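For ligands, and for the atoms within them, numbers begin at 1 and follow the listed sequence. This structure is a prediction, so every number in the text was calculated from the model and none was measured.
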Amino acid sequence: MRDSSSPGSMPAAENNGLAAEAVDAIEGLSGVHPGYRRAHARGICCRAVFRPNGLAAAFTTAAHLQEQESAAVVRFSGSSTDPALADLLSPAKGIAVQFSLPDGGTTSLVGATLPVFFARTPESFIDIVRTAHKAREGNLGPLELIKEITTHFSESKESFLSLNKLKPPASYAESHYYCIHVYIFVDAQGKKHPVKFEWVPDAGVRNLSLTDARQQPDRYLEDELELRLKAEPVVFQLNVIFGKDGDPTSDPTKAWPEDRRQIEIGRLYLTEVITEPEELLMDPAAVTEGIELSDDPILHFRRTAYGESFHRRRGEQ
Ligand code: HEM
């Protein structure tokens, strides 16, 4: 079992060279903001309960996906590296969910409002972020920047196309989040099932027009969530999508065909906004027995990059 909540378990030194390069490259985008996450810098945390419906039990032995409910911490965030940036100016939003497990450990799922990622390998991630940095120094606008990146990195096309289509969300609670990578469910017989996870809002998806979004305060998404939770819980369905033979498992820039089998395996009930728990680290590679990582190099790399960011920000607090 890996425990992402325990900082002592993080591999600070493992693959540190490339992770440090990646985090340096990210810091190049808007400078260092001491104490903040190097990406998805500003966020809001909530207390939650996850209630599995039992349907996943045929495909995985993971304790939190059987029938017992588990406590969870949820953090919504804007994707920007700059914690002061207005919500409107960071189009992609994130969700990170840390489930408490019956044995005292934790496991996490991290998603974003984009169905695919822009880089296939850690090395190309670093090159793309550095290209974005240079383009910014050259004062390119957002559309020119996307053109510059997709001209040089064809793997980014699908992701930037989705980014370009994103509209400002009306609420963190009315957004659909994709966990992007493939994970492997392992059932009681040891059989493996490649899956992707998605968080689907019970309230439906709702966006704002640009005119309306421009009239919102900088932190409208946090304000809205606080107000909403005072009135009622926010609910998300956790869906899994099953891959078929031949569907890519190692490439987060590629979507699976839309007709793949999809089931709801439980619901997440968010009840109140809380202060961020100390030393919270949402590691998307912190899986638990019954779930394995796929062969996606980005998924494996995120563990060390998040560890690097965690160690930098913790040292600054
Ligand atoms: C090479 C790939 C990636 C790198 C290097 C990277 C880097 C980072 C870093 C350094 C952080 C801050 C971690 C911390 O201090 O706790 C972070 C947070 C985050 N990233 Fe990524 N990321 C990558 C891919 C992705 C992908 C594919 C997604 C979407 C599925 C994603 C969504 C998020 C979210 C939602 C957070 C905020 C987590 C939280 O609330 O604690 N990232 N990322």
**Q** Taking Lys254 first and then Asp296, would you say they form a salt bridge - that is, a charged N and a carboxylate O separated by under 4.0 Å?
**A** no
**Q** If you measure from each non-hydrogen atom of Leu280 to ligand 1, which part falls under 4.0 Å: side chain, backbone, both or neither?
**A** neither
**Q** Counting each atom of ligand 1 from 1 as listed, which ones have a heavy atom of Val110 under 4.0 Å away?
**A** 30 (C), 32 (C), 33 (C), 34 (C), 35 (C)
**Q** I want to confirm something. Looking only at heavy atoms, which of Met282, Arg38, Glu123, Arg313 is nearest to atom 16 (O) of ligand 1?
**A** Arg313
**Q** Quick one: look up the protein heavy atom nearest atom 38 (C) of ligand 1 and list residue, atom name and how far away it is.
**A** Ala96 CB, 4.0 Å
**Q** Hey, what's the ring geometry for Tyr172 with Phe76, parallel, tilted or perpendicular (30° and 60° as the breaks)?
**A** parallel
**Q** For Asn239, which of Lys196, His176, Gln262 qualifies under side chain to side chain donor-acceptor pair (under 3.5 Å)?
**A** Gln262
**Q** Do His181 and Arg302 have side-chain atoms, one donor and one acceptor, less than 3.5 Å apart?
**A** yes
**Q** Measure Arg37 to ligand 1 on non-hydrogen atoms and call it side chain, backbone, both or neither using the 4.0 Å cut-off.
**A** both
**Q** Given Val234, which of Leu229, Val74, Leu268 fulfils the side-chain contact (heavy atoms from CB on, under 4.5 Å) condition?
**A** Leu229
**Q** Side chain of Ser309, backbone of Arg38: donor and acceptor closer than 3.5 Å?
**A** yes
**Q** With Ser156, which of Thr151, Ile149, Leu161, Leu163 fulfils side-chain contact (heavy atoms from CB on, under 4.5 Å)?
**A** Ile149
**Q** Can you check whether Thr249's main-chain N or O pairs, donor with acceptor, with Ser294's side chain at less than 3.5 Å?
**A** yes
**Q** Is it the side chain, the backbone, both or neither of Ala39 that has a heavy atom closer than 4.0 Å to ligand 1?
**A** both
**Q** Determine, for Arg42 against Asp87, whether the closest basic-nitrogen to carboxylate-oxygen distance falls under 4.0 angstrom.
**A** yes
**Q** Is ligand 1 less than 4.0 angstrom away from at least one heavy atom of Gly111?
**A** yes
**Q** Regarding Ser108 and Asp283, is there a side-chain donor-to-acceptor distance under 3.5 Å anywhere?
**A** no
**Q** Is Arg302 touching ligand 1 with its side chain, its backbone, both, or neither, if touching means heavy atoms under 4.0 Å apart?
**A** side chain
**Q** With only distance considered, is Arg75 within less than 3.5 Å of ligand 1 through an N or O on each side?
**A** yes
**Q** Numbering the atoms of ligand 1 from 1, which are under 4.0 Å from a heavy atom of Leu281?
**A** 16 (O)
**Q** Nearest heavy atom to atom 12 (C) of ligand 1: which of Ser309, Ser79, Ala19 does it belong to?
**A** Ser309
**Q** Examine His181 against ligand 1 and note whether any of their N/O atoms are separated by less than 3.5 Å.
**A** no
**Q** Give a yes or no on whether the ring-centroid distance for Phe185 and Phe197 is below 6.0 angstrom.
**A** yes
**Q** Pick whichever of Arg42, Glu308, His40, Glu21 has a heavy atom sitting closest to atom 37 (C) of ligand 1.
**A** His40
**Q** My understanding is that we take every heavy atom of each candidate and find the minimum distance to atom 20 (N) of ligand 1. Doing that for Tyr36, Tyr306, Phe310, Phe125, which one comes out nearest?
**A** Tyr306
**Q** Run the contact test for Lys93 against ligand 1 with a 4.0 Å cut-off on heavy atoms, strictly below, and give the result.
**A** no
**Q** Distance under 4.0 Å to a non-hydrogen atom of Ala112: what atoms of ligand 1 satisfy this?
**A** 29 (C)
**Q** Check each of Phe117, Phe76, Tyr177, Phe301 against atom 2 (C) of ligand 1 and report the one with the nearest heavy atom.
**A** Phe117
**Q** In ligand 1, which numbered atoms sit nearer than 4.0 Å to a non-hydrogen atom of Gly94?
**A** 35 (C)
